[in-house]
Amino acid sequence: MDKAKEISALWSQIKPQIGELVRLCHEVESHYEVTADAYQRGYEAELNDAWE
């Protein structure tokens, strides 16, 4: 039972950090999508300007 308490205590410390890690991953993914969309729109606009 001693090991179970030790594992539980460690989990209590790690769990908030895992949540923060997941939140940061979502933030990075969101930033990447916004940047990729903006790049694509700019690229397409430049192609359209080149054809005109």
Side-chain angles (χ1 to χ4, degrees):
M1 194 64 167
D2 207 42
K3 290 291 181 184
K5 287 181 182 179
E6 188 176 339
I7 290 170
S8 181
L10 287 173
W11 176 248
S12 295
Q13 294 172 1
I14 293 171
K15 187 177 178 183
Q17 294 172 345
I18 292 172
E20 180 66 10
L21 180 62
V22 169
R23 185 191 69 76
L24 289 172
C25 287
H26 287 291
E27 190 175 308
V28 167
E29 182 180 28
S30 175
H31 177 73
Y32 170 78
E33 289 172 358
V34 168
T35 303
D37 288 344
Y39 177 83
Q40 186 63 36
R41 285 192 308 272
Y43 177 76
E44 290 171 1
E46 287 298 319
L47 284 179
N48 289 337
D49 288 346
W51 284 105
E52 290 178 0

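Bear in mind the structure is a predicted one, so any value in this text is a computation, not a measurement. All residue numbers in this chain count up from 1 along the given sequence.
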Under 3.5 Å donor-acceptor pairs involving side-chain atoms of residues 27-38, not counting sequence neighbours:
| unit_1 | atom_1 | unit_2 | atom_2 | d |
| --- | --- | --- | --- | --- |
| Glu27 | OE1 | Arg23 | NH1 | 2.9 |
| Thr35 | OG1 | His31 | O | 2.9 |

*Mind jotting down which residue pairs meet the side chain to side chain donor-acceptor pair (under 3.5 Å) criterion with at least one end in residues 7-18? Sequence neighbours excluded, please.*
none
*To the nearest 0.5 Å, what is the distance between CG (Leu21) and CD1 (Ile14)?*
12.0 Å
*For Gln40, which residues count as a side chain to side chain contact (heavy atoms under 4.5 Å, CB included) partner, sequence neighbours excluded?*
Tyr43, Glu44
*Atom CG in Leu10, atom NZ in Lys5: separation rounded to 0.5 Å?*
14.5 Å
